[in-house]
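Report on the structure given below.
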Amino acid sequence: MNAGFSDVMHLTLLMEGKLTKQSLEYFHWQTIDDIELMISIDEHGKSTLKCKKDKKLLKSLPTKYKKNEMVIKFQEVTKKLKDQYSRIKQMLEEAMEDDIPFEVWELLEMLKSPVACPMIETLVVKTSKEKDEKMGFLTKEGFIDIAGKLLFLSPKEKIFLVHPFHLYKRGQWHEFQKLLFERQMKQPFKQVFRELYVKLDEELEKEESMLFSGNQIQSKKTVSILRSRRWVADYDNGLQKIYYKENIVACIYAMADWFSPSDIEAPTLEYVAFLDRRTGRSLKIKDVPDRLYSEVMRDVDLAVSVAHVGGVDPETSHSTIEMRRSIIEYNLSLFQKKNVRLKGNHAIIDGQLGQYAVHLGSGVVHQMGNAMIFVIPIHSQHRGRIFLPFVDDDPKTAEIMSKILLFAEDKKIKDPKILSQIQ
C-alpha cells in the first residue's frame, strides 16, 4: 500500500511535509503566563524551542514551567520536528545513494516545508535526459544551473539527486565544490564533498576487491557502525548490504563471528564481493555500477577508519584526507592565506616564527627541525569563521583548519604554552 506512488519513500517524504503544516501555529510567539514560547527553524531546517521573558531571550526554560501542559506540547512538537529533520536527511541521502528518481512536482511540494526546503535547495540535482542532461539546484523559483540560469522543467519530468560520481564523470566536480564555497552553501549531508571511490583497473576483471584486505577491525564496533548504513550481519555470508533496485548484494568477508558478544581476537578483513541477488553468483567488479561500488567502499573505509585495531590512525583514510585537502584548499583562498601550501598528507605553513607541518588526517602539528607542538583542539573558537560545506560540521576538519589558521599567523599567538614549544 503506497497510495499510487512508485515506492514508500516518495509517499513518506510528502507526508513529512504535511506533518510540518500541522505545526504552523507553534512557529509564532505564544504567551504562557509571564513567558513567551516559539519554535524557530533555522536556515538549515533545524528546529529549536525559543523562550523569552520581558522581551529578552532566555538561555533555558524556567524550571517552574516544565510541567505546564502548553510547554510540554511545545517540547513535543520541537522533538517531532527534530526527528523529522533527521528522517528527511536520511531519506534524501539514501535517494542519492540508490539513484532514486523524483518527479519535479514532488520536490517542489517538499520545498513548501520549512524543514525540508533548506535541505533540498542546497543539493545538486540532475535531469534524466542523457543527451541533454542538466545539473543544478531546484529552488522555489525553479531549476537553476551552475551558471545561475533559470531553466524550465516539466512538473512530471524525472530528476535525481546527483552522486559525486556523476560530477566526476562530467568533469564538473571541482566546479560545484568551488560554487559551494563561493556561495557559502551548507549541504545537509556530504554530497558534493563526498568521498569517492573509483574502480582500480587491475580489479575490473576480478570478482573480489582486495582494497581493504589485511586491515584488523573490531567486529562488534564494525557491526554497530555499519548498521546505520543499512548493513546486516548474516551467519553464512558475513556483513551484507542489499541493493534491491540493482538486485545486487554487497558482502564484506572476514574471519569473524559478527554475532559474538565479545572479540576474542580482532578479525582481519579478507575481501569485498558483489553477488547477484537472484542467482547468488559473483559479479565481476566491472559489472557493478560505479555509484554502488563507491558507496560500498566508502562504508568499508569508514569501518576500517573507526573500528580499527591498534596502531592505525582513525582519521587517516585516503578518502578523508582527499576531501579535507579540497575543503582546506578552498578555505585558504577565502582567508587569503598565501603562506600555506598542501603537500602530500600535510599542510606546510611558512610562519614568521618558524615553519610548520599539520597532518591532514590526525591534525598533529610539527615544527620543522623541532618536535611535535602540542595544541589543545581549538576549533570551537573559530566555529563562526570557518566554513564547512555540510551542516553537520566534522569537528576534526574544523580543528585542522583552525590549527592551520593559527600557525599561519604565528606572530599573533598569545598562548604561553604554545609559544614555549616554538623554537
Side-chain angles (χ1 to χ4, degrees), residues 90 93-100 163-166 168-169 190 194-260 263-310 312 314 316-320 322-323:
Q90 183 179 353
E93 185 170 11
E94 288 177 5
M96 177 202 71
E97 289 178 41
D98 298 341
D99 205 32
I100 293 175
H163 188 272
F165 185 80
H166 298 135
Y168 169 78
K169 192 177 176 183
K190 287 184 179 181
R194 196 177 192 82
E195 299 84 356
L196 180 67
Y197 297 77
V198 180
K199 296 170 186 173
L200 303 175
D201 290 340
E202 59 266 31
E203 283 192 327
L204 294 177
E205 293 297 330
K206 296 179 180 177
E207 294 179 350
E208 299 167 355
S209 171
M210 310 296 286
L211 198 60
F212 296 99
S213 64
N215 283 286
Q216 272 191 299
I217 54 169
Q218 302 169 53
S219 56
K220 275 204 305 179
K221 199 167 185 181
T222 299
V223 172
S224 175
I225 291 162
L226 295 183
R227 187 180 291 121
S228 64
R229 297 281 306 147
R230 296 183 285 166
W231 288 82
V232 293
D234 180 84
Y235 274 106
D236 298 318
N237 294 309
L239 283 172
Q240 294 188 340
K241 187 174 185 177
I242 302 172
Y243 290 86
Y244 291 97
K245 182 182 173 185
E246 293 84 0
N247 275 312
I248 290 175
V249 181
C251 301
I252 301 173
Y253 289 95
M255 292 297 289
D257 181 358
W258 303 109
F259 300 92
S260 175
D263 296 333
I264 298 167
E265 185 179 347
T268 301
L269 282 178
E270 295 181 53
Y271 58 88
V272 177
F274 300 87
L275 312 175
D276 185 302
R277 188 170 74 93
R278 293 161 297 190
T279 64
R281 69 178 181 85
S282 297
L283 300 174
K284 287 185 177 181
I285 301 296
K286 69 175 183 180
D287 297 326
V288 177
D290 295 285
R291 165 189 48 81
L292 191 153
Y293 173 87
S294 179
E295 287 301 312
V296 168
M297 292 305 165
R298 182 177 183 265
D299 288 347
V300 181
D301 198 356
L302 173 68
V304 169
S305 300
V306 180
H308 69 290
V309 173
V312 181
T316 57
S317 72
H318 177 72
S319 58
T320 299
E322 283 296 311
M323 279 299 99

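Taking each heavy atom of Arg194 and Pro164 in turn, the nearest pair found is CB-CG, 3.7 Å. Taking all atoms of both residues into account, the shortest heavy-atom contact from Gly280 to Leu275 is O-CD2, 4.0 Å. In terms of heavy atoms, Ala250 sits closest to Val296 at CB-CG2, 3.6 Å. Closest of all the heavy-atom pairs between Val249 and Gln240 is CG1-CD, 3.9 Å. The heavy-atom pair separating Glu208 from Ile285 by the smallest distance is C-CD1, 4.3 Å. Considering every non-hydrogen atom in both Leu211 and Tyr293, the closest pair reads CD2-OH, 4.3 Å.
Atom NE2 of His163 and atom CD of Glu97 lie 7.0 Å apart (nearest 0.5 Å). Note: Arg229 CZ to Arg227 CZ = 14.5 Å, rounded to the nearest 0.5 Å. Asp299 CG to Trp231 CH2: the interatomic distance, rounded to the nearest 0.5 Å, is 6.0 Å. In this structure, OG in Ser282 is found 11.5 Å from CG in Asp287, a value given to the nearest 0.5 Å. Here CD of Gln218 is found 8.0 Å from CD1 of Ile225. Values are rounded to the nearest 0.5 Å. To the nearest 0.5 Å, atoms CG (Asp99) and CG (Leu292) are separated by 10.5 Å.
Taking the salt bridge (charged side-chain N to carboxylate O under 4.0 Å, His left out) definition, one finds that Arg298 meets it with Glu195, sequence neighbours left out. For Asp276, the salt bridge (charged side-chain N to carboxylate O under 4.0 Å, His left out) partners at least two apart in sequence or on another chain are Arg278. In terms of the ring-ring contact (aromatic ring centres under 6.0 Å, His included) criterion, residue partners of Phe165 (sequence neighbours excluded) are, by chain and number, Tyr168.
In this structure, the side chain of Glu93 does not engage the main chain of Lys190 through any donor-acceptor pair within 3.5 Å. A donor-acceptor pair is defined here as one N or O able to donate and one able to accept, closer than 3.5 Å; no such pair exists between the side chain of Lys199 and the backbone of Leu204.
For the pair Ser209/Val300, no side-chain contact is recorded, criterion being any heavy-atom separation below 4.5 Å from C-beta on. When side chains are defined from C-beta on, Glu295 does not count as touching Arg230, because their heavy atoms never get closer than 4.5 Å.
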Task: From CA spacing to verdict: side chain to side chain contact (heavy atoms under 4.5 Å, CB included), Arg277, Tyr243 - done: CA-CA 9 Å; Arg277 188 170 74 93; Tyr243 290 86; over 6 Å; no
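Within a 6.0 Å sphere centred on NZ of Lys245, heavy atoms belonging to other residues, nucleotides or ligands number more than 12.
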